[in-house]
Amino acid sequence: MTPVTPEDQHGPPLPAGRTPEVVASALSQDQILAPLRQHPPEAPGADAADRLLLDTAAAWFSAGHPTRDIAVIDDRWGALTLGLLAGVPQPSAQLLRVGQDTRGAEIALVANAARLGLSAELGAITRGPGVTAELLAGAHTVLMPLPRSLETLADWAWTVAEHAAEDVVLLAGGRDKHMTRSMNDVLSAQFTDVVPGRGRGKARVITARGPRRGREAPFPRRHTHRDVTDLGLDQDLTLCAEGAVYGGTSLDPGTRFLLSTLAGDAGGELLPHGGEVLDLGCGNGTIAAWAALRDPRAQVVAVDQSASAVTSTRRTAETAGVADRVRTVHDDALSSWEDGSVSTILLNPPFHRGNAVDPSVAHRLFSDVGRVLRPGGKLLCVWNSHLRHRLMLQREVGPTRQLARNPKFTVTESTKPD
């Protein structure tokens with residue numbers, strides 16, 4: 001097993017087109033990675049791509065690349081961060097910075113650090129939500145799992161190229177089944193030297209060097225939806241999104257069906273005017289902006305596990321002129337809300353985890369909604385009809401009635417019992 005070379009042995013850089021030989025290293029040792037768990041804790045918290053990323057970083061360090069100013073992007077469960085903390089000498093804020101998009105990933109990292117007895121070491125480094133210029137400023141090495149979305153990859157690659165050190169080595173790893181040639185093209189738009197590495201364990205790492213500076217940022221994306229009279233709006237609706245936001249700047253058809261159903265409630269029985277409305281899973285901010293535009297007296301709280309979604313919702317609200325009445329919160333479901341503290345929640349729940357259909361994601365949200373709603377409070381929800389969520393809604397929230405249905409979606413109202 002190859003040890004990590006200290007920074008004081010820093011040597012000349014490898015020429016363009018070349019990468020060091022990758023072998024098993026001290027960064028990917030089983031005693032660190034094997035105990036890790038995802039959040040919720042239902043699966044191992046390290047995979048072949050994590051291990052290969054760590055070993056590739058160790059190969060670069062052994063070849064003389066600096067072992068300081070390392071940035072880790074979107075560490076899903078903490079494997080990359082904790083492998084580096086355990087394997088690189090003298091962990092400190094100067095060594096390592098970590099930015100994670102999802103709140104669940106942040107929670108998993110903290111829990112796994114405690115599991116390994118590395119909480120103090122984790123506390124010594126710089127961490128924060130999202131992928132930012134501050135995270136990447138002056139970074140010599142950047143590790144990241146390859147995102148499935150090319151838009152996300154474009155956003156993050158631009159941020160690395162624009163703000164990291166001139167000698168930055170970007171290591172982007174993924175499972176073979178999720179990688180495409182288009183990822184190389186996206187990275188080549190931001191770096192002069194992009195080299196796909198050898199596969200191992202059905203995983204592969206792409207190395208990018210030579211940042212192209214001064215290019216126009218690909219984010220935030222904006223799209224103005226002009227035909228929104230069915231939503232009860234008398235103005236256009238401009239949606240903003242960073243690459244990591246599911247659906248980008250589109251007006252999701254399920255969300256549209258929910259909002260058009262609520263817009264047709266002339267008596268205001270479903271969504272009374274005034275008071276606070278919580279948009280759970282705010283995404284690009286469609287529901288939050290709509291709720292604030294519909295009712296000038298409404299105070300809207302927009303919640304999402306994704307830091308990119310929270311930022312995108314804030315930008316959508318600013319563009320709509322309602323930012324003073326839309327508060328954004330980065331949270332894991334509703335974990336920071338007290339029991340019985342909210343009267344009205346709007347929700348278009350996700351129906352997948354990665355590329356797989358997974359109703360358990362929505363079920364977890366329903367459980368949190370049932371806990372957080374006040375007696376008599378309402379959940380107004382839209383869901384894919386084939387998923388048959390009604391029984392779960394009745395069990396977790398309360399009596400549920402159908403408000404509308406079309407060939408793809410169902411809109412329901414669930415009421416918390418008194």
Side-chain angles (χ1 to χ4, degrees), residues 220-241 245-304 309 312-323 325-326 328 343-351 362 365 369 378-390 393 400-415:
R221 295 159 184 85
R222 290 182 172 86
H223 182 76
T224 298
H225 299 267
R226 304 193 185 281
D227 184 17
V228 290
T229 54
D230 59 316
L231 306 186
L233 299 179
D234 57 5
Q235 66 180 76
D236 298 339
L237 182 61
T238 298
L239 302 178
C240 305
V245 176
Y246 179 76
T249 59
S250 66
L251 180 46
D252 179 83
T255 295
R256 186 165 205 154
F257 190 46
L258 170 65
L259 299 184
S260 62
T261 299
L262 298 178
D265 174 35
E269 297 177 359
L270 298 176
L271 192 61
H273 286 265
E276 185 177 86
V277 175
L278 192 150
D279 172 14
L280 177 55
C282 56
N284 62 20
T286 303
I287 291 176
W290 174 87
L293 289 168
R294 165 191 172 272
D295 179 8
R297 295 176 298 166
Q299 296 293 322
V300 182
V301 182
V303 185
D304 206 289
S312 299
T313 292
R314 190 178 304 121
R315 286 178 171 145
T316 292
E318 290 169 355
T319 302
V322 295
R325 293 186 292 109
V326 175
T328 55
S343 294
T344 305
I345 297 176
L346 304 182
L347 172 63
N348 180 359
F351 58 90
L365 294 178
V369 167
K378 295 181 179 181
L379 168 66
L380 298 162
C381 185
V382 61
W383 38 276
N384 295 68
S385 298
H386 71 276
L387 295 176
R388 302 182 182 277
H389 282 320
R390 185 164 180 171
L393 285 165
T400 298
R401 66 185 180 111
Q402 178 177 301
L403 301 177
R405 186 183 178 94
N406 67 18
K408 290 189 67 175
F409 303 105
T410 299
V411 176
T412 52
E413 176 194 56
S414 302
T415 305

Mind running side-chain hydrogen bond (donor to acceptor under 3.5 Å, both in side chains) on T400 and R390 for me, showing each step along the way?
-> CA-CA 7 Å; T400 298; R390 185 164 180 171; 5.8 Å; no
Please step through side-chain contact (heavy atoms from CB on, under 4.5 Å) for the pair L262 and L346, ending with a clear verdict.
-> CA-CA 10 Å; L262 298 178; L346 304 182; 4.0 Å; yes
Let me see the working for V228 and L251 under side-chain contact (heavy atoms from CB on, under 4.5 Å), right down to the final yes or no.
-> CA-CA 10 Å; V228 290; L251 180 46; 4.3 Å; yes
For T316 and T249, what are the C-alpha separation, side-chain angles and deciding distance, and is it a side-chain contact (heavy atoms from CB on, under 4.5 Å)?
-> CA-CA 10 Å; T316 292; T249 59; over 6 Å; no
L380 and I345: side-chain contact (heavy atoms from CB on, under 4.5 Å), yes or no, with the steps?
-> CA-CA 6 Å; L380 298 162; I345 297 176; over 6 Å; no
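Shown here for P350 and A362, the closest heavy-atom pair between the two residues is O-CB, 3.8 Å. Minimum heavy-atom separation, L365 to L280: CD2-CD2, 4.2 Å. Among all heavy-atom pairs drawn from A323 and E318, the shortest one is CB-CG, 3.7 Å. When all heavy atoms of A320 and A289 are compared, the closest pair comes out as CB-CB, 4.5 Å.
Side-chain N or O atoms of T313 include one that pairs as donor or acceptor with a backbone N or O of G283 at under 3.5 Å. Judged by distance alone, the side chain of N284 and the main-chain N or O of S250 form a donor-acceptor pair under 3.5 Å. Between the D304 side chain and the C282 main chain, a donor and an acceptor come within less than 3.5 Å of each other. Looking at D279, its side chain does come within 3.5 Å of a backbone N or O of A288 through a donor-acceptor pair.
Distance check: L347 CG to L379 CG gives 5.5 Å after rounding to the nearest 0.5 Å. Distance check: W290 CH2 to L231 CG gives 8.0 Å after rounding to the nearest 0.5 Å. With rounding to the nearest 0.5 Å, the separation of CD in Q299 from CG in D295 is 9.5 Å. The structure places CZ of R256 at 8.0 Å from NE2 of H225, a figure rounded to the nearest 0.5 Å. To the nearest 0.5 Å, the span separating OG1 on T229 from CZ on R226 amounts to 14.0 Å. Summarising the geometry, atom CG belonging to L239 is positioned 8.5 Å from atom OG1 belonging to T224; distances are rounded to the nearest 0.5 Å.
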Which atom pairs, donor and acceptor, lie under 3.5 Å between side-chain atoms of residues 406-413 and protein residues at least two apart or in another chain?
residue	atom	partner	partner atom	Å
N406	OD1	K408	N	2.9
N406	OD1	F409	N	2.6
T410	OG1	S385	OG	2.7
T410	OG1	R405	NH1	2.9
T412	OG1	W383	NE1	3.1
E413	OE1	R401	NE	2.6
E413	OE1	R401	NH2	3.2
E413	OE2	K378	NZ	3.1

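At a threshold of 4.5 Å between non-hydrogen side-chain atoms, the residues L393 and V369 do not count as touching. S414 places none of its side-chain heavy atoms less than 4.5 Å from the side chain of C381. Considering only heavy atoms from C-beta on, I287 comes within 4.5 Å of L258 through its side chain.
For the 3.5 Å distance criterion, the side chains of T255 and N348 qualify, holding a donor opposite an acceptor.
Under the side-chain contact (heavy atoms from CB on, under 4.5 Å) criterion, A292 pairs with V300, V322, R325, V326, sequence neighbours left out. Remark: R222 pairs with no residue by the side-chain hydrogen bond (donor to acceptor under 3.5 Å, both in side chains) rule, at least two apart or across chains.
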